[in-house]
Engineer: 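Before we start, here is the structure in question, set down as structure tokens.
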Amino acid sequence: MNLAELNKVAEAMVAPGRGILAADESTGTIKKRFDSIGVESTADTRRDYREMLFRSTEAMSKNISGVILYDETIRQNARDGTPLVKLLERAGSLPGIKVDKGTAPLPSCPGEVVTEGLDGLRTRLAEYRGLGAKFAKWRAVIDIGQPHVVPSYTCVNANAHALARYAALCQDEALVPIVEPEVLMDGGHDIDRCVEVTTWVLKETFQALFLNRVALEGIVLKPNMAVPGKKSAKRASVDEVADRTLRVLKACVPAAVPGIAFLSGGQSDEEATAHLDAMNKMGPLPWRVTFSYGRALQHAPQMVWSGKSENVAAAQRAFGHRAMMNGLAALGKWKADLERKAA
Ligand code: 5MM
């Protein structure tokens, strides 16, 4: 393992004012997104949509350090025949790849899932590296939305172990692993419960990373923020979310980790930006703190685009705006009135 090289890539992924675009929706998930805007999901429409984002030159070069691609996308060419990976490289953005195979029910743990994809992973990583990937992503899913029983130790432990096995293989194959243990926002739990479970999940994950000899200087952590469940009546202020999230992270994430790039998890676009900004305003922090958003970066451009070529320029502006707002939030320099001005 060349740790200096892995560390250089990890540092670039969380460079000041930049963050990661999660564009690795599996075929089923992107179909749901397209259904909501009345667009048929085909290999060509998926390509057109993602090409539109990747050709948003200013956003890509200024605020998007890297893009997580799906297996189909990393192999696709733009309409003019240029590989999509080349478009990213030209914009100065690093290509990454989702390598997990999604979740499957966990035996004897009703309602819980474990992420699959370790079989044959080394071979797939080597292929992705050949296709231009510089980093990878694996997402574990922990659901605390049900009132009792879950999460079980079996679920937290099985997912932490899989994340660590994946991360060790990535580093062996010269790819920086994004380690994503997501505690879902679904359900009616309050922020205290989210803090409790997120702390447990992160502790187990870092224990598993240690036991599997993963070098922390060569990873990027992609966690959820500490937020109440979507159905909870007890809401939390922006400052409370930022403060509680940072307390959890400081208790669980060693300073050797170069950066933390949050998922948005179903927060509104502006909430995800405001929370990130508030955390950076509470610095200095031991690691860089930025974004690796899917929905909170793509929702606005998707709505504007709606599958119509005449909307491409406006959709690119909408994407550029969210990328810029989150870039500012990654520096603690965002202000709510910047959103109003743009509107
Ligand atoms: C972009 O969506 C990613 C892939 O999801 P599926 O495997 O379910 O299709 C997803 O892992 C995403 O990277 C994270 O959930 C972060 O995205 P959000 O929308 O939560 O910021």
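Start at 1 and go down the list; that is how both ligands and their atoms are numbered. Just so you know, residue 1 is the first one in the sequence shown, and it goes up from there.
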Engineer: Tell me whether E270 is salt-bridged to R340, with the criterion being a basic N under 4.0 Å from an acidic carboxylate O.
Structural biologist: yes
Engineer: Is the shortest distance from a heavy atom of G102 to ligand 1 less than 4.0 Å?
Structural biologist: no
Engineer: Any salt bridge between D277 and K335, counting N to O under 4.0 Å?
Structural biologist: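 Salt bridge absent between D277 and K335.
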Engineer: Among protein heavy atoms, which lies nearest atom 17 (O) of ligand 1, and at what distance?
Structural biologist: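 For this ligand atom, the closest protein heavy atom is G294 N, 3.6 Å.
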Engineer: So which protein heavy atom does atom 15 (O) of ligand 1 come closest to, and at what separation?
Structural biologist: R139 NE, 3.4 Å
Engineer: For G265 and ligand 1, does the shortest N/O to N/O distance drop below 3.5 Å?
Structural biologist: yes
Engineer: Closer than 4.0 angstrom, basic N to acidic O: yes or no for D100 and K137?
Structural biologist: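 No.
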Engineer: Anything under 30° is parallel, anything over 60° is perpendicular, the rest tilted; go ahead and classify Y49 against W305.
Structural biologist: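 Ring orientation, 0 to 90° scale: tilted.
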Engineer: Please work out which of E180, K137, K32, E25 has its closest non-hydrogen atom nearest to atom 10 (C) of ligand 1.
Structural biologist: K137
Engineer: Nearest protein heavy atom to atom 21 (O) of ligand 1, by residue and atom, and its distance?
Structural biologist: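 Checking every protein heavy atom, the shortest distance to atom 21 (O) of ligand 1 gives S264 OG, 2.5 Å.
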Engineer: For atom CD of E58, decide whether the heavy atoms of other residues, nucleotides or ligands shown that lie under 6.0 angstrom number more than 12.
Structural biologist: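 Atom CD in E58 is not crowded, with 12 or fewer foreign heavy atoms closer than 6.0 Å.
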Engineer: Only heavy atoms count here, so choose which of L21, D24, I20 is nearest to atom 3 (C) of ligand 1.
Structural biologist: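 The option holding the nearest heavy atom is D24.
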Engineer: Quick one: look up the protein heavy atom nearest atom 8 (O) of ligand 1 and list residue, atom name and how far away it is.
Structural biologist: T29 OG1, 3.3 Å
Engineer: Report yes or no: does Y128 contribute a side-chain atom to a donor-acceptor pair with the main-chain N or O of L175 at less than 3.5 Å?
Structural biologist: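 A pair under 3.5 Å: no.
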Engineer: Distance-only criterion, 3.5 Å: show the donor-acceptor pairs between side-chain atoms of residues 77-85 and protein atoms not counting sequence neighbours.
Structural biologist:
residue	atom	partner	partner atom	Å
R79	NE	D48	OD1	3.1
R79	NH2	D48	OD2	3.0
D80	OD1	T82	N	2.9
D80	OD1	T82	OG1	2.7
D80	OD2	R55	NH2	3.2
D80	OD2	T82	OG1	3.4

Engineer: For residues 206-224, pull every pair meeting side-chain hydrogen bond (donor to acceptor under 3.5 Å, both in side chains), keeping only residues two or more places apart or in separate chains.
Structural biologist: T198-N224, K222-S292
Engineer: Which of the atoms of ligand 1 are close to E182, meaning less than 4.0 Å from one of its heavy atoms?
Structural biologist: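 The list of qualifying atoms is 15 (O).
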Engineer: Would one find an N or O of A23, backbone or side chain, under 3.5 Å from an N or O of ligand 1?
Structural biologist: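 Checking ligand 1 against A23, no N or O pair falls under 3.5 Å apart.
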Engineer: Any N or O of Q298 that comes nearer than 3.5 Å to an N or O of ligand 1?
Structural biologist: no
Engineer: Test your reading of the model: is there a side-chain donor-acceptor pair from T115 to the backbone of R139, 3.5 Å cut-off?
Structural biologist: yes
Engineer: To the nearest 0.1 Å, how far is atom 7 (O) of ligand 1 from its closest protein heavy atom, and which atom is that?
Structural biologist: K98 NZ, 2.6 Å
Engineer: What about K222: any of its N or O atoms under 3.5 Å from an N or O on ligand 1?
Structural biologist: yes
